[in-house]
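For reference, the structure discussed in these notes is given below.
Computation of the quantities below employed the complete heavy-atom set of this structure, encompassing side-chain atoms and omitting hydrogens, waters and symmetry-equivalent molecules. Sequence lines set the chain letters: A, B, ... in the order given, protein chains first and strands last, and positions in each chain run from 1.
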There are 2 protein chains.
Amino acid sequence: MTTSRSTYHHGELRQAVLAAALDVIATDGPGALSLRDLARRAGVSHAAPAHHFKDRTGLLTAIAAQGYALLAADLAGTARLRERGVRYVRFAVEHPAHFQVMFQPELLRADDPDLLAAKERASAELRAGVADLRDVPDARTAGIAAWSLAHGFATLLLTHNVDGALGDRDPEEYFRSLTGLLFSQQLTTEGE
Amino acid sequence: MTTSRSTYHHGELRQAVLAAALDVIATDGPGALSLRDLARRAGVSHAAPAHHFKDRTGLLTAIAAQGYALLAADLAGTARLRERGVRYVRFAVEHPAHFQVMFQPELLRADDPDLLAAKERASAELRAGVADLRDVPDARTAGIAAWSLAHGFATLLLTHNVDGALGDRDPEEYFRSLTGLLFSQQLTTEGE
DNA sequence: CGTGCAATCTTGTCACTGGCAAGATGTGGA
DNA sequence: TCCACATCTTGCCAGTGACAAGATTGCACG
């Protein structure tokens, strides 16, 4: 960041803008994003970022694509379904800006090739995780159930809706105990 | 909507702006919201909405508060946990704009009294739903699990991430079968 | 060793937005 | 009647995204 800057070209503007954007989004959400502000932070003119991302939507689409790529890589690290869920939650905690943007389609260019490719890779990893299940008649629905659980917990986590229940415990560990509760069918004793 | 309008006062501006805002948000997300656009739709001057909502954040906070009130009322309609989950999903489908805004804290005035009160009512209904469970050692964690499942499915639904798996089936019905899968412990036969 | 070309960045501009201040208009109560 | 208040209007300013046109730089190719 504190490199040359005496030259006309920035050299790493794309990365600089991306990093600054992630900072802003993680703190104040995508709505607080301003291309001109990002340009100021990078020490370039107000129109410089446009050359790398076309427009605001382009920047957010690039972030989402990067997010899906990161998520796919994270998920690929293990074969066990529950551990994949833990990694899904960890991804949301470690990359909150990516996570937010990935799941707000209105912010993105839906037909962007990079985005589609990265999303497909992450989706494939998600599906592969269900292969870990045995003797499940409807594996696809089971996969949606697992995804819903992890995604819901991650979302509630980032929106500070489980701060109280969490206390000072580690989110990942809490999610493990949470899945343990489900998988040990203690929830099956529903009343009525 | 097509009432008088010959008078200086609009009369129902607050409701008109709220309704228009919900339309815009449901279609293009909260980011597409423009107070001036809402004013134009209502046929009033650009500064008129500010008197009812103070500013953009005020409008979104009012929407979130209304959303929590609606959700609390919906959840109160049944005692069974699974049915409450179904209603949670139904709420998200029928009030997508409310749902989106409710879970984006950066858009809201966190200390707004109306918002806090409505959120507390919804939260109480959520907790009450867990009372339906029997013989569960950690009811609080079980509640978070149930909430995560419903919230995750609702979110994935609204972000078009389960369109393929859903086909032409009813979302609520699909969610029922999804919980059935979990509660019948068929997911417990995890490999490894 | 140039030289032309493409990528990168700058400057200038426009329409639009949110928010504020000051004034106009209508409403209801003392 | 008349005054206090809520509601709406007009006018304004700074900030923003997008676009166009031009300046600067690095690089491939002769």
Check this for me, if you would: do [X] and [Y] make a salt bridge, where the nitrogen-to-carboxylate-oxygen distance has to be below 4.0 angstrom?
X: B/Lys54; Y: B/Asp112; value: no
X: B/Arg87; Y: B/Glu172; value: no
X: B/Asp170; Y: B/Arg90; value: no

Of the nucleotides [options], which one has an atom closest to the side chain of [X]?
X: A/Arg56; options: D/dA18, C/dT10, C/dA7; value: D/dA18
X: A/Asp55; options: D/dT10, C/dT11, D/dA18; value: D/dA18
X: A/His46; options: D/dC19, D/dT9, C/dT10; value: D/dC19
X: A/Lys54; options: D/dC12, D/dT9, D/dC19; value: D/dC19

Centroid separation [X] to [Y] less than 6.0 Å:
X: A/Tyr68; Y: A/His98; result: no
X: A/His95; Y: A/Phe91; result: yes
X: B/Phe103; Y: B/His151; result: yes

What is the distance, rounded to the nearest whole Å, between atom [atom1] of [X] and atom [atom2] of [N]?
X: A/Phe53; N: C/dC9; atom1: CZ; atom2: C1'; result: 14 Å
X: A/Arg40; N: D/dA14; atom1: CZ; atom2: P; result: 14 Å
X: B/Leu13; N: D/dC8; atom1: CG; atom2: P; result: 5 Å
X: A/Leu59; N: D/dA18; atom1: CG; atom2: P; result: 10 Å
X: A/Leu107; N: D/dG17; atom1: CG; atom2: P; result: 13 Å

Expected output is a numbered-order residue list: members of residues 25-39 of chain A with a heavy atom under 4.0 Å from any atom of DNA chain C. What is it?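 Listed by number, they are A/Arg36.
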Could you check whether the rings of B/Tyr88 and B/Phe99 sit parallel, tilted or perpendicular, using 30° and 60° as the cut-offs?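 Aromatic pair B/Tyr88/B/Phe99 classed perpendicular.
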For C/dC9, take OP1 and OP2 only and decide whether either is under 4.0 Å from a side-chain N or O of A/His51.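 For C/dC9, OP1/OP2 do not have a side-chain N/O of A/His51 under 4.0 Å.
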Which part of the nucleic acid does A/Arg14 contact within heavy-atom distance under 4.0 Å: base, sugar-phosphate only, or nothing?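 Here A/Arg14 touches no strand at all.
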Assign B/His52 to base, sugar-phosphate, or nothing according to its heavy-atom contacts below 4.0 angstrom with the strands shown.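 Sugar-phosphate contact only - B/His52 comes under 4.0 Å of backbone atoms but never of a base.
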